[in-house]
Q: 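Take this structure, written in structure tokens, and hold onto it; I'll ask about it next.
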Protein chains: 2
Amino acid sequence: MSKTPVWKSIALSLTSDIAEGRYNTGDQLPTEAQLAAQHGVNRHTVRRALSDMAEQGLVHPRRGAGVFVAARPTDYPIGKRVRYHKSISASGKIPGKKILSLTTRVADDSEAEALQLTPGDTVHVYDGLSLADGQPIGLFQSVFPAERLPDILDALSDTQSVTRALQRCGVEDYTRVSTRLTARAATPTQALHLHLTEGAPVLFSVGVNADTTGIPVEYGRTVFAGERVTLTMNED
Amino acid sequence: MSKTPVWKSIALSLTSDIAEGRYNTGDQLPTEAQLAAQHGVNRHTVRRALSDMAEQGLVHPRRGAGVFVAARPTDYPIGKRVRYHKSISASGKIPGKKILSLTTRVADDSEAEALQLTPGDTVHVYDGLSLADGQPIGLFQSVFPAERLPDILDALSDTQSVTRALQRCGVEDYTRVSTRLTARAATPTQALHLHLTEGAPVLFSVGVNADTTGIPVEYGRTVFAGERVTLTMNED
DNA sequence: TTATACTATACAACTAGACAAATATTACAC
DNA sequence: GTGTAATATTTGTCTAGTTGTATAGTATAA
């Protein structure tokens with residue numbers, strides 16, 4: 001899907017550098033070799049970009065000396081509009097949740113490992129959607145050990161809150177043991193739920209919460225709509 | 001009557017070659033033409049197999065260069081006191097950094113705010129690439145207050161390490177004050193550096209590090225290759 | 001008929017390396 | 001200091017190889 005040739009994006013980058021005054025008229029640009037290294041590309045690709053700029057009269061090369069800035073571009077590409085993102089706290093206190101399903105089944109391998117269960121143990125699963133101002137921002141799945149928390153599903157359907165449901169099941173307090181994050185492309189199903197186009201960037205988060213004694217009580221996976229969510233971590 | 005398509009058996013054959021260690025991560029596979037000749041098929045059939053493997057993240061083609069065996073996703077811990085070099089070595093990979101450019105300029109608004117500077121103050125800027133086993137995993141920009149750390153650029157070009165450069169400039173220790181994360185689509189330039197296709201999901205991270213007295217010393221922005229990086233947050 | 005799997009060919013885009021030509025820098029004689 | 005030769009640096013050019021893409025054709029099974 002990358003229609004723009006590499007050399008063109010390099011030419012654009014250098015052109016905007018000149019336009020922004022990073023290089024002035026008469027200045028020598030970095031050598032072709034340096035530019036190639038900076039952009040992680042072959043020298044010939046840089047030459048292709050420079051020759052394009054030379055044709056436009058922006059730079060003029062001198063063999064043995066270097067490439068020099070000839071003039072300012074009359075018009076240059078301006079940066080794309082910066083989008084404003086809703087800032088969501090990473091602590092999990094997101095206003096508005098919608099229950100998609102509450103089920104009970106056998107734990108799969110990754111769930112068993114995360115919750116320190118033996119294969120074959122059953123788990124309660126909470127699938128849901130996180131909302132902010134009515135807009136979907138996250139699609140999550142919380143997995144709980146059924147033996148430890150037999151009544152968690154009832155508590156969840158009442159409160160819709162993981163924290164309060166756990167409290168009602170005797171887990172006074174819990175802490176986040178681990179969190180892993182990565183960026184992915186939205187699957188069709190995820191795109192549907194999060195009102196995104198297929199392939200849009202999403203934040204994929206996997207985490208485990210444990211009670212005060214260190215025993216895991218929840219294994220959560222969340223897919224955030226990348227364009228609508230910024231996770232903020234404050235260490236204090 | 002084997003129903004399995006030819007390209008699939010080729011993909012399986014190559015996959016097992018990789019699994020058996022006949023090709024190691026980072027190795028270049030035989031060229032498409034060679035593989036086509038070896039299997040007695042057309043190059044397009046080989047390409048079909050390779051594109052399937054690329055989708056699974058097993059291999060990573062580079063136009064003009066060849067097809068290379070991809071590395072497993074790298075765990076990248078973030079938290080109060082994480083140091084890139086240590087954390088990557090701990091994951092069994094060889095860490096590296098590549099300096100793209102070292103410059104000095106006036107701070108923009110967001111930088112001034114993050115570093116608690118007054119508008120017009122100058123900053124030193126370190127653009128670079130983070131590597132694990134030679135593969136690019138992150139494209140970063142570190143901004144330092146010039147007045148507080150006048151010699152940081154020399155220290156950086158010597159050590160390539162933010163931690164050691166700061167130490168040499170009198171900052172014995174530092175901690176992460178804040179981190180913000182979101183998912184985005186790779187721009188052409190970012191895709192170029194990180195060896196991704198344009199529009200591939202990337203993790204965008206913005207963070208501030210402060211010294212022991214709480215004064216900001218570094219404002220860092222990083223773009224991680226989503227398919228090669230998992231951020232791990234350890235709460236300690 | 002229609003879709004599929006594969007073949008065949010051609011060209012574009014990029015990498016890789018080598019060497020030539022022009023220029024800049026340095027060392028040294030005077 | 002000045003001029004000159006030697007050396008290093010930088011752009012220009014060439015050849016070759018590799019992946020990406022587009023178009024057209026063929027055999028086969030549903």
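Here the structure is a predicted model, which means the values were calculated and not measured. A note on names: the letters A, B, ... follow the listed sequences, proteins ahead of strands, and every chain is numbered from 1.
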Q: Using the test side chain to side chain donor-acceptor pair (under 3.5 Å), find all partners of B:Arg43 that sit at least two apart in sequence or belong to another chain.
A: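 Applying side chain to side chain donor-acceptor pair (under 3.5 Å) to B:Arg43 gives B:Glu32.
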Q: According to side chain to side chain donor-acceptor pair (under 3.5 Å), who are the partners of A:Ser110, at least two apart in sequence or on a separate chain?
A: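 A:Ser110 satisfies side chain to side chain donor-acceptor pair (under 3.5 Å) with A:Asp108 only.
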Q: Who are the side chain to side chain contact (heavy atoms under 4.5 Å, CB included) partners of A:Gln56, not counting sequence neighbours?
A: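 Only A:Asp52, A:Leu58 meet the side chain to side chain contact (heavy atoms under 4.5 Å, CB included) criterion with A:Gln56.
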Q: Taking the six-membered ring for Trp, are A:Tyr126 and A:Phe140 closer than 6.0 Å centroid to centroid?
A: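 Distance test on ring centres: under 6.0 Å, yes.
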Q: Send over the distance from A:Arg48 CZ to D:dT11 P, rounded to a whole Å.
A: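 Value for this atom pair: 18 Å.
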Q: What pairs with B:Thr230 under side chain to side chain contact (heavy atoms under 4.5 Å, CB included), at least two apart in sequence or on another chain?
A: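 By the side chain to side chain contact (heavy atoms under 4.5 Å, CB included) rule, B:Thr230 matches A:Arg180, A:Thr182, B:Pro73, B:Asp75.
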Q: Apply salt bridge (charged side-chain N to carboxylate O under 4.0 Å, His left out) to B:Arg62 and list each qualifying residue two or more places apart in sequence or on a separate chain.
A: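 B:Arg62 satisfies salt bridge (charged side-chain N to carboxylate O under 4.0 Å, His left out) with no residue once adjacent residues are dropped.
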Q: Please name all residues satisfying side chain to side chain contact (heavy atoms under 4.5 Å, CB included) with B:Pro201, sequence neighbours left out, ordered by chain then number.
A: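 Here the qualifying residues are A:Ala183, A:Ala185, A:Pro201.
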Q: Counting primed atoms plus P, OP1 and OP2 as sugar-phosphate and everything else as base, spell out the protein contacts along nucleotides 12-20 of chain D at 4.0 Å heavy-atom distance: B, S or - for each nucleotide, 5' to 3'.
A: BBB--BBBB
Q: Checking B:Pro136 now: which residues fulfil side chain to side chain contact (heavy atoms under 4.5 Å, CB included) with it, not counting sequence neighbours?
A: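 Listed in chain order: B:Leu129, B:Leu131, B:Leu194, B:His195, B:Arg228.
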Q: By side chain to side chain donor-acceptor pair (under 3.5 Å), which residues pair with A:Ser101, not counting sequence neighbours?
A: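 A:Ser101: side chain to side chain donor-acceptor pair (under 3.5 Å) contacts with A:Asp127.
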Q: Return each pair, listed once, that meets side chain to side chain donor-acceptor pair (under 3.5 Å) where at least one residue sits in residues 18-30 of chain B; pairs must be two or more places apart or across chains.
A: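 Non-adjacent pairs meeting side chain to side chain donor-acceptor pair (under 3.5 Å): zero.
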Q: How would you give the extent of chain B contacts on DNA chain C, as first and last nucleotide 5' to 3' within a 4.0 Å heavy-atom cut-off?
A: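 Taking any atom under 4.0 Å from a heavy atom of chain B, the span is C:dC6 to C:dA16.
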Q: On DNA chain C, nearest-nucleotide positions of B:Gly40 versus A:Gly40: which is more 5'?
A: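 Upstream on the strand: B:Gly40.
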Q: I'd like a list of close polar pairs between nucleotides 5-8 of chain D and the protein, N/O only, cut-off under 3.5 Å.
A:
none

Q: Taking for each residue the nucleotide of DNA chain C with the nearest heavy atom, is it B:Phe68 or B:Lys8 whose nucleotide lies nearer the 5' end?
A: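 On the 5' side of the pair lies B:Lys8.
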